[in-house]
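Please read the structure below before turning to the comments.
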Amino acid sequence: MLSEGGSFMKGMFVGSLFCLVLSFLGSFSPGIESHTEDHHHHHVKAASKDELKQLTDNQVQEWSKQVQVYCVIMVQPKILVYWATAMDTWSKHCDKAEFYTSETSKALEAVDLNEKDDWARLRKALKHAYENAGDLRWFFVAQPTTFAIVENLKYLVLAKNPDEPFYLGSAVKSGELDYVSFDSGIVLSYEALKRLVEVFEDKDKCPERGHSLWKMSEDKQLAVCLKYKGVFAENGEDTHGKSVFNSKSVDSLITDSMRDNPNNVVEGCCSDMAVTFSGMSPNQMQVMMFGVYRLRPYGHDFHDSLVFYPPEGSDND
């Protein structure tokens with residue numbers, strides 16, 4: 001598996017081109033941050049190559065083992081094909097992947113929350129993840145229409161301390177509220193999730209039902225509750241300042257880049273350390289799996305500073 005620089009883009013771009021062509025054909029329906037109560041960033045960048053070079057081999061190996069991700073994937077029986085595809089593709093790269101459903105499905109295994117409301121269901125899922133995290137200290141919350149490259153997420157948070165309150169993703173501003181868009185995936189450190197679970201008990205600040213909060217989308221409600229605990233939305237970026245959480249699919253981003261940057265489509269498309277792409281169809285996700293994890297140009301040997309190995313016993317690529 002790969003973890004930094006242009007390594008992923010060569011495979012990912014080819015895979016995404018497949019997505020683009022097929023869609024046209026109609027086949028697609030570092031030092032660790034110091035702990036502080038005033039943790040109030042707006043942009044979180046991945047460690048640079050120069051920063052990694054300052055680490056010893058032992059430090060690199062130790063860090064690569066310590067960064068483990070619990071994936072919280074919110075599903076519903078009415079989108080069973082997306083659920084099945086996420087289970088068969090990128091979620092295998094999570095150190096622990098748990099699917100949370102609104103109701104039981106005989107076809108696929110998941111935690112049945114028996115809750116129809118999106119916000120109430122998300123609350124229950126996050127509380128369950130917190131209580132069952134074990135030694136895992138990073139949490140990735142996503143929908144089954146999102147495609148995630150978990151190794152790039154690990155690289156993004158590699159030099160971050162999960163005992164600080166990180167709340168990352170594609171940061172969006174709505175009036176006075178900064179929140180992380182659910183469509184692009186939400187990353188929470190252990191400390192952020194701990195504070196969130198605490199504020200869940202405050203019915204005035206973070207109600208499960210009722211009040212004006214009830215009219216908001218679940219990602220905005222999440223931001224409001226976290227804000228009461230001093231946790232603020234932050235935009236995840238690569239070392240060049242490009243956002244790594246995308247609200248569009250790869251073929252949409254490439255189509256935009258072909259129009260806006262015809263002489264440099266790849267560079268204009270997206271970060272080569274992208275963590276997520278949103279709005280992916282099941283076919284697109286399978287193509288992305290091939291492009292990202294399987295397709296390799298013969299004669300090209302990538303030498304990344306560290307490697308994130310799959311969970312023991314995993315059947316992922």
Side-chain angles (χ1 to χ4, degrees), residues 39-44 69-76 94 97-102 111 113 115-133 136-146 148 153 156-157 160 162 164-236 243-247 275-276 278:
H39 178 84
H40 197 163
H41 301 296
H42 292 289
H43 304 272
V44 172
V69 178
Y70 186 135
C71 294
V72 177
I73 306 167
M74 307 301 295
V75 296
Q76 298 181 59
C94 305
E98 201 73 78
F99 290 78
Y100 295 89
T101 181
S102 56
V111 177
L113 300 175
E115 176 61 64
K116 301 293 186 182
D117 180 79
D118 292 337
W119 170 233
R121 187 165 67 253
L122 181 59
R123 288 169 59 110
K124 289 183 178 181
L126 290 172
K127 186 175 181 180
H128 180 275
Y130 176 73
E131 294 172 346
N132 293 274
L136 303 182
R137 288 297 180 267
W138 290 99
F139 302 84
F140 175 60
V141 190
Q143 302 181 77
T145 53
T146 298
L153 169 55
L156 175 65
V157 301
K160 313 304 177 191
E164 290 189 16
F166 285 98
Y167 163 45
L168 312 173
S170 176
V172 181
K173 191 171 185 64
S174 177
E176 295 299 315
L177 179 67
D178 289 325
Y179 69 98
V180 172
S181 172
F182 193 10
D183 289 342
S184 306
I186 300 170
V187 179
L188 295 168
S189 65
Y190 182 81
E191 177 62 24
L193 183 56
K194 177 184 176 182
R195 295 188 188 187
L196 181 63
V197 171
E198 289 173 354
V199 80
F200 281 164
E201 301 303 317
D202 191 325
K203 304 304 181 184
D204 293 323
K205 294 180 178 177
C206 188
E208 181 176 356
R209 288 182 170 83
H211 305 294
S212 60
L213 269 180
W214 193 238
K215 301 175 183 178
M216 296 184 186
S217 60
E218 61 264 42
D219 46 11
K220 290 181 181 179
Q221 294 179 80
L222 185 69
V224 170
C225 294
L226 283 168
K227 192 173 181 180
Y228 276 115
K229 299 295 288 187
V231 185
F232 302 92
E234 301 171 303
N235 197 61
S243 181
V244 294
F245 294 88
N246 295 290
S247 60
V275 174
T276 63
S278 183

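Atom CZ in Phe232 sits 10.5 Å away from atom CG in Leu177 (nearest 0.5 Å). Annotation: the span from Leu113 atom CG to Ser102 atom OG amounts to 8.5 Å, rounded to 0.5 Å. Atoms CE and CD1, from Met74 and Ile186 in turn, are 10.5 Å apart once rounded to the nearest 0.5 Å. With rounding to the nearest 0.5 Å, the separation of NZ in Lys160 from CG in Leu168 is 8.5 Å. For the atom pair CZ (Arg123) and SG (Cys206), the distance works out to 4.5 Å, reported to the nearest 0.5 Å. Between the CG atom in Asp118 and the CD atom in Glu218 there is a gap of 4.5 Å [rounded to 0.5 Å].
In this structure Phe140 satisfies the ring-ring contact (aromatic ring centres under 6.0 Å, His included) test together with Trp90, sequence neighbours excluded. By the side chain to side chain donor-acceptor pair (under 3.5 Å) test, Lys229 pairs with Glu198, sequence neighbours left out. Every residue meeting the side chain to side chain donor-acceptor pair (under 3.5 Å) condition with Lys116, not counting sequence neighbours, appears here in chain and number order: Glu103. Not counting sequence neighbours, Arg137 has no partner by the side chain to side chain donor-acceptor pair (under 3.5 Å) test. For Tyr100, the side chain to side chain donor-acceptor pair (under 3.5 Å) partners at least two apart in sequence or on another chain are Tyr70, His128.
Contact annotation: the side chain of Phe245 approaches that of Leu156 to within less than 4.5 Å [non-hydrogen atoms, C-beta and beyond]. Counting heavy atoms from C-beta outward, Val141 and Leu222 have side chains that stay 4.5 Å or more apart.
Residue Val180 comes nearest to Gly169 through the heavy atom pair CG1-CA, 3.5 Å, listed as atom of the first residue, atom of the second, then distance. Counting all heavy atoms, side chain and backbone alike, Lys127 lies closest to Val197 at CA-CG2, 4.3 Å. Contact between Trp119 and Asp117 at its shortest, heavy atoms only, is N-OD2, 3.1 Å. Taking every heavy atom of both residues into account, Asn235 and Ser170 meet most closely at OD1-CA, 3.6 Å.
A donor-acceptor pair under 3.5 Å is absent between the side-chain atoms of Glu208 and the main chain of Ala120, judged by distance alone. Remark: the backbone N or O of Glu164 is paired with a side-chain donor or acceptor of Ser189 at under 3.5 angstrom. The backbone N or O of Val231 sits nowhere less than 3.5 Å from a side-chain atom of Arg195 that would complete a donor-acceptor pair.
Enclosure of atom NZ in Lys124 by more than 12 non-hydrogen atoms of other residues, nucleotides or ligands within 6.0 angstrom is indicated.
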Run Leu126 and Leu193 through side-chain contact (heavy atoms from CB on, under 4.5 Å) and show every step you take.
CA-CA 8 Å; Leu126 290 172; Leu193 183 56; 4.0 Å; yes
Leu226 vs Leu188, test: side-chain contact (heavy atoms from CB on, under 4.5 Å). Steps then yes/no.
CA-CA 11 Å; Leu226 283 168; Leu188 295 168; 4.1 Å; yes
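Listed by first and then second residue, the side chain to side chain donor-acceptor pair (under 3.5 Å) pairs involving residues 175-185 are Gln143-Asp183 (not counting sequence neighbours).
Of the residues Tyr130, Tyr167, Trp138, the one that meets the ring pair (Phe, Tyr, Trp, His ring centres under 6.0 Å) test with Tyr190 is Tyr130.
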